[in-house]
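Remember, it's a predicted structure, so these values are computed and weren't measured experimentally. Ligands are counted one by one from 1 in listed order, and the atoms in each one are counted from 1 as well. These numbers come from the heavy atoms of this one structure, side chains and all, not from hydrogens, waters or symmetry mates.
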Amino acid sequence: MKAMVLRRTCDLEHDKTPLGLRDIPTPTPANGEILVRVSVCGVCHTELDEIEGRTPPPRFPVVLGHQVVGVVDKTTRGTSRFKTGDRVGVAWIYSACGTCRFCREGRENLCPQFKATGRDADGGYAEWMTVPEAFAHPVPKVFTDVEAAPLLCAGAVGYRALKLAGMKDGQNLGLTGFGASGHLVLKLARHRYPRSSVFVFARSAKEREFARTLGAAWVGDTADESPEKLDCIIDTTPVWKPVVDALGNLSAGGRLVINAIRKEDVDKSCLLGLDYSRHLWLEKEIKSVANVERRDVIEFLELAAEIPIKPEVQEYRLEDANQALVELKERKIRGAKVLKVRP
Ligand SMILES: [Zn+2]
Ligand SMILES: [Zn+2]
């Protein structure tokens with residue numbers, strides 16, 4: 001089968017073609033797994049973290065991609081939820097042990113055996129993939145494949161971030177960074193918290209304009225001071241300075257949720273600018289979002305279908321995955337990037 005394969009970690013600044021188009025064997029599903037004929041796969045910022053070694057895959061070559069939509073091509077002994085031809089989505093959570101303390105408490109996203117799709121197991125930048133049936137999700141009919149893909153990660157993890165922010169209707173929400181996740185969270189927040197105002201901090205004028213069209217009450221640069229203090233802020237930027245700036249904009253008792261699997265080191269020195277009285281005093285909280293649970297994916301898909309939330313999407317061919325990744329790195333963003341695996 002055709003796949004875009006990562007052979008080693010590298011610096012995207014210098015190597016703009018980290019993935020190679022290869023013909024590799026179509027995977028065979030083990031018992032309890034299904035074989036998925038992939039239709040589309042979303043492109044996520046986490047892929048940049050994998051390629052550049054901040055969260056490196058444990059083995060190479062590996063097929064990236066964890067926002068996968070396709071149809072079930074083969075079931076196996078031990079599967080029963082899906083039948084051949086059913087449409088399914090696969091998200092970042094590929095499997096968890098099911099028996100550890102975290103899994104038993106319903107926090108499978110924190111499982112020490114957590115396996116990520118497209119990092120610890122081959123993902124969706126390919127024509128076929130296998131996945132444990134219990135970790136595949138039905139996709140609501142209202143979405144096309146391309147629309148559904150970004151909901152599986154950017155949407156689901158954004159939904160989790162919003163849950164962790166502990167928002168109440170009427171409280172002000174800040175979003176620092178406005179990529180694939182930010183724009184879905186804005187739509188979700190406007191629906192769930194109609195009396196709240198959303199303040200968007202984004203580096204590029206295009207992103208700010210986009211946020212405005214989606215109903216942001218105020219837009220500015222990530223370094224700007226907001227016109228009023230904010231109760232919750234969600235950070236989706238890859239660096240540190242927006243974190244410090246966001247803490248300055250947070251109200252007393254406010255919470256900053258950092259939605260990033262890793263931060264880049266380029267501006268780590270900004271953390272020395274943290275001033276306790278200005279940035280942390282008065283019970284300000286910082287919390288990170290780690291992975292997703294299956295229920296985040298399922299709940300968000302249902303909610304997105306009901307509202308409905310349809311993401312703004314930019315399409316690429318599978319062969320052009322490198323271009324999509326480089327554009328993501330260079331922050332040429334409007335909505336979410338999706339690879340069409342089959343023409
Ligand atoms: Zn992702
Ligand atoms: Zn576990």
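- Side chain of Asn259 to backbone of Val289: no donor-acceptor contact under 3.5 angstrom is found.
- Ion pair Glu108/Arg294 flagged as a salt bridge, since at least one NZ, NE, NH1 or NH2 atom sits closer than 4.0 Å to an Asp/Glu carboxylate oxygen.
- The Zn ion (ligand 2) lies at the vertex of an angle of 110° between the SG atom of Cys97 and the SG atom of Cys111 (rounded to 10°).
- If you look at Phe135 and Trp92, their ring centroids are not closer than 6.0 Å.
- Taking the charged nitrogens against the carboxylate oxygens, Arg195 and Asp169 do have a contact shorter than 4.0 Å, which makes a salt bridge.
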Name every donor-acceptor pair, under 3.5 Å, that has one atom in a side chain of residues 174-192 and the other anywhere in the protein, sequence neighbours excluded.
residue, atom, partner, partner atom, Å
Ser181, OG, Ala154, O, 3.1
His183, ND1, Ala180, O, 3.1
His183, NE2, Glu312, N, 3.2
Lys187, NZ, Lys310, O, 2.7

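- Remark: at the Zn ion (ligand 2), atom SG from Cys100 and atom SG from Cys103 enclose 110°, rounded to the nearest 10 degrees.
- Take a cut-off of 2.8 Å around the Zn ion (ligand 1): the protein N, O or S atoms inside it are Cys44 SG, His66 NE2, Cys153 SG.
- Remark: of the listed residues Val68, Leu35, Val63, Asp122, Val68 is the sole one forming a side-chain contact (heavy atoms from CB on, under 4.5 Å) with Met129.
- Electrostatic pairing of Asp49 and Arg262 does not count as a salt bridge here, judged by no charged N lying under 4.0 Å from a carboxylate O.
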